[in-house]
Amino acid sequence: MEYRILGKTGLKVSAMGFGGIPIQRIDAAGTRLLMEKLIENGINYIDTARGYSVSESYLGEALEGIREHFIIATKSMARDKASMAKDIGISLSNFRTDYIVLYQVHNPSMAQLEQIIGEDGALEALLEAKSAGKIGHIGLTAHSAKVFEKALELDWVETIMFPYNIVETQGEELIKKCAQKNIGFIDMKPLAGGAIENATLAMRFVAANRNISVTIPGMAEISELQQNLAAVNDTTPLTCAEYAEMEKIRKELGTQFCRRCGYCAPCTVGISIPNMFVFEGYLSRYGLADWAKGRYDAQPKTASDCIGCGICETRCPYHLPIRKMLERTAKAFGK
């Protein structure tokens, strides 16, 4: 495993870390097996968040006795001081520890960022926790390039997390600036939230960018871990065939696609919105019509059940026109 320095934190992190969203699908015992495999393969960086339901607590249980092998990073959506202080306390309890290496402000808007750095904002709680030895470093995550650019100007920001993958390269110049300013860059969504089916190619593309400190694919299965490891450990240059495949993926997905992050949930009428777009992708891009229609029809609520309230769109960090996308999906499936 290759190791890189996480910017001004000085932390030596594995080039590939562990994204903790998917472990919500398994349990603490399954998480423990994954943690043991991470150790075997030299992976020392773990990312999760307060918002990932049981992820922190599963990790807290799974890391008993082996915590010293890992750099633990989590994040909070809290914007004010009191809420952030509360979340830090919950995270410490969930992890069964008195110290978290990296605590991040989770996906603020420009307006929320002003609140965070203002009087009684979340930053005050983070700085107090850092002074008290409860957290080691402070970072920020973003889905907006404007927020990313602003974060580069904030002296308290030691790391920045942002999407970067085959189809999302809008942050490439800002990632270079991270390296220039010695700010650690954490790459999220290397597989575009699962939209990129060729995981090996996706991980090879990301690993080739030397300005990335660590990339954090979400994993819940040993097979996923093994596949991703093989890709990032393959240091041979990308081939002409691989570049051609990447261009094909870009044309197929474009920019208006669902990353399956789940922030749009819960739907007012119970539609599993990401699943709708997954099934449409298999129908339109991969020619698996029978499979896609069978899965679509088995859903308790489908795209045609959308009532057009638009609440999902207010939550989407990518500002996708979800209602129009659901209309398209319903039309594709004929219901």
Side-chain angles (χ1 to χ4, degrees), residues 1-19 42-47 71 73 75 101-102 104-108 136-193 195-196 198-218 228-239 242-243 245-247 249-250 253 255 259 317-318:
M1 173 58 64
E2 177 187 357
Y3 295 87
R4 301 176 183 179
I5 301 300
L6 188 61
K8 65 181 74 173
T9 70
L11 297 166
K12 187 178 180 182
V13 297
S14 48
M16 188 181 89
F18 177 83
I43 295 173
N44 71 349
Y45 187 89
I46 294 174
D47 170 86
I71 293 166
K75 43 197 180 290
V101 181
L102 175 63
Q104 301 155 101
V105 175
H106 194 176
N107 190 31
H137 305 278
I138 302 171
L140 180 145
T141 80
H143 290 83
S144 160
K146 287 184 179 179
V147 174
F148 188 164
E149 190 168 16
K150 178 65 177 177
L152 287 167
E153 302 171 3
L154 304 173
D155 58 7
W156 53 271
V157 174
E158 299 176 78
T159 65
I160 296 175
M161 181 190 294
F162 192 77
Y164 177 76
N165 52 62
I166 290 170
V167 293
E168 294 180 283
T169 56
Q170 69 274 17
E172 203 155 45
E173 290 304 312
L174 295 173
I175 295 170
K176 289 180 183 178
K177 289 183 180 179
C178 271
Q180 293 165 3
K181 289 177 171 284
N182 197 29
I183 295 172
F185 180 75
I186 303 160
D187 176 39
M188 65 169 155
K189 303 191 185 302
L191 277 67
I196 300 172
N198 189 335
T200 297
L201 181 60
M203 293 302 298
R204 274 182 41 77
F205 170 78
V206 169
N209 189 326
R210 305 299 302 177
N211 292 318
I212 293 172
S213 307
V214 56
T215 185
I216 50 168
N228 290 334
L229 275 168
V232 298
N233 288 333
D234 181 357
T235 58
T236 58
L238 290 162
T239 66
E242 286 176 313
Y243 279 113
E245 177 64 17
M246 286 189 286
E247 190 57 35
I249 291 170
R250 292 185 183 109
L253 288 179
T255 57
R259 281 77 167 179
Y318 297 97

Short side-chain to backbone donor-acceptor contact, Arg4 and Lys12, under 3.5 Å
no
Heavy-atom closest contact (Val206 atom, Pro190 atom, distance)
CG2-CB, 3.9 Å
Might you work through the side chain to side chain contact (heavy atoms under 4.5 Å, CB included) test for Leu201 and Ile249, ending with a clear yes or no?
CA-CA 10 Å; Leu201 181 60; Ile249 291 170; 4.1 Å; yes
Is the closest side-chain heavy-atom distance between Ser213 and Ile5 below 4.5 Å?
no
Closest contact, heavy atoms only, Asp187 versus Pro163
OD1-C, 3.8 Å
Are Phe162 and Leu174 packed together at the side-chain level, in the sense that at least one heavy-atom pair is separated by less than 4.5 angstrom?
no
Gap separating the OG atom of Ser144 from the CD atom of Gln170, nearest 0.5 angstrom:
9.5 Å
Just wondering, do Met1 and Leu229 contact through their side chains at under 4.5 Å, heavy atoms?
yes
Indicate yes or no for a side-chain donor-acceptor contact from Arg204 to the backbone of Asp234 under 3.5 Å, with no hydrogens or angles considered.
yes
Worked check of side chain to side chain contact (heavy atoms under 4.5 Å, CB included) between Asp47 and Ile186
CA-CA 10 Å; Asp47 170 86; Ile186 303 160; 5.6 Å; no
With heavy-atom distances below 4.5 Å as the criterion, would you say the side chains of Asn198 and Thr200 are in contact?
yes
Aromatic contact between Tyr243 and Phe205, with the criterion being ring centroids under 6.0 Å apart: yes or no?
no
Distance, nearest 0.5 Å, that separates NZ of Lys189 from CD1 of Ile196:
11.5 Å
Ion pair check, Lys181 and Glu153, cut-off under 4.0 Å:
no
Over all atoms of both residues, closest heavy-atom pair of Ala195 and Leu253:
O-CD1, 3.9 Å
Rounding to 0.5 Å, atoms OH (Tyr164) and CD1 (Ile212) come to a distance of 5.5 Å
Heavy-atom closest pair, residues Val147 and Pro108
CG2-O, 3.4 Å
Applying side-chain hydrogen bond (donor to acceptor under 3.5 Å, both in side chains) to Tyr45 and not counting sequence neighbours gives none
Can you sort out the partners of Thr239 under side chain to side chain contact (heavy atoms under 4.5 Å, CB included), two or more places apart, ordered by chain and number?
Ala241, Glu242
Stepwise, does the side chain to side chain contact (heavy atoms under 4.5 Å, CB included) test hold for Arg259 with His143?
CA-CA 11 Å; Arg259 281 77 167 179; His143 290 83; over 6 Å; no
Lys177, NZ: over 12 other non-hydrogen atoms inside 6.0 angstrom
no
Work out which heavy atom in Gly17 is nearest to a heavy atom in Pro217; give both atom names and the distance.
O-CD, 3.7 Å
As an exercise, state the distance from CZ of Arg250 to CD of Glu168, rounded to the nearest 0.5 Å.
11.5 Å
Taking side chain as C-beta onward, heavy atoms only, is Leu6 less than 4.5 Å from Val214?
yes
Okay, side chain of Thr141, backbone of Met161: is any donor-acceptor separation there less than 3.5 Å?
no
If you round to the nearest 0.5 Å, how far is CD1 of Ile175 from CD1 of Ile183?
12.5 Å
Between Glu158 and Trp156, is any pair of side-chain heavy atoms under 4.5 Å apart?
no
For Ala202 against Ile166, the heavy-atom pair lying closest together
CA-CD1, 3.7 Å
Residue pair Asn165 / Leu191, side-chain heavy-atom distance below 4.5 Å:
no
Note: Lys146-Glu149 ion pair, threshold 4.0 Å (strictly below):
no
Is the closest side-chain donor-acceptor distance between Asn44 and Ser14 under 3.5 Å?
yes
Go through it in stages, so that I can follow the logic: the residues are Ile160 and Phe148, the test is side chain to side chain contact (heavy atoms under 4.5 Å, CB included), and I'd like the CA-CA distance, side-chain angles, deciding distance and then a yes or no.
CA-CA 7 Å; Ile160 296 175; Phe148 188 164; 3.7 Å; yes
Between Ile43 and Met16, is any pair of side-chain heavy atoms under 4.5 Å apart?
yes
Mind checking what makes side-chain hydrogen bond (donor to acceptor under 3.5 Å, both in side chains) contact with Asn228, not counting sequence neighbours?
none
Rounded to the nearest 0.5 Å, what's the gap from OG1 on Thr9 to CD1 on Ile138? Could you check?
12.5 Å
Main-chain N/O of Phe185 paired with Thr159 side-chain donor or acceptor, under 3.5 Å
no
